[in-house]
Amino acid sequence: MPRPTAAQLAYGSCTVIFSTLAMLLLSQTSSGLGIAVITLSALALGLLVAVTVPLPKRAPSAAAAPAVQARVPVRRETASVAASVSMSPEPVHEPAGP
């Protein structure tokens, strides 16, 4: 299991603190049971926020990345040239290209 990042810890902690304060102020509860319920729900919400924070992308390893190949110009023959080469006994002279 990977360790939580600094962003996950920060977002989760801020969510727990602010949601606890907001729920306590809005509910105006003073009973121990109400405070316990609010605290547990704030912890659950903070955990949910910390887990859903996107993780940083990992750099691809050298083995996983495809090797970059130098582009070499390829000389291609058309089907008619290839057919004439295989059918004629004398060599075919092509004009030199740039």
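Nothing fancy with the numbering, it's 1 onward along the sequence. Note that the structure is predicted; figures quoted are calculated from it, not measured.
- Here V53 is tied into one hydrophobic group with Y11, V49, each link being a pair of ILVMFWY side chains closer than 4.5 Å.
- When every heavy atom of V16 is checked against every heavy atom of G46, the shortest pair comes out as CG2-CA, 3.7 Å.
- For the atom pair CG of L48 and CG of L43, the computed distance is 12.5 Å after rounding to the nearest 0.5 Å.
- Summarising the geometry of Q8 relative to R3, their closest heavy-atom pair is OE1-O, 4.3 Å, with the distance given to 0.1 Å.
- Between the side chain of S41 and the main chain of I38, a donor-acceptor pair closer than 3.5 Å is present.
- The distance from atom CG of L45 to atom CE of M23, rounded to the nearest 0.5 Å, is 6.5 Å.
- Across G12 and A50, no two heavy atoms sit closer than the pair CA-CB, 4.1 Å.
- Among residues two or more places apart in sequence or in another chain, the side-chain contact (heavy atoms from CB on, under 4.5 Å) test is passed with I35 by L24, T29, T39.
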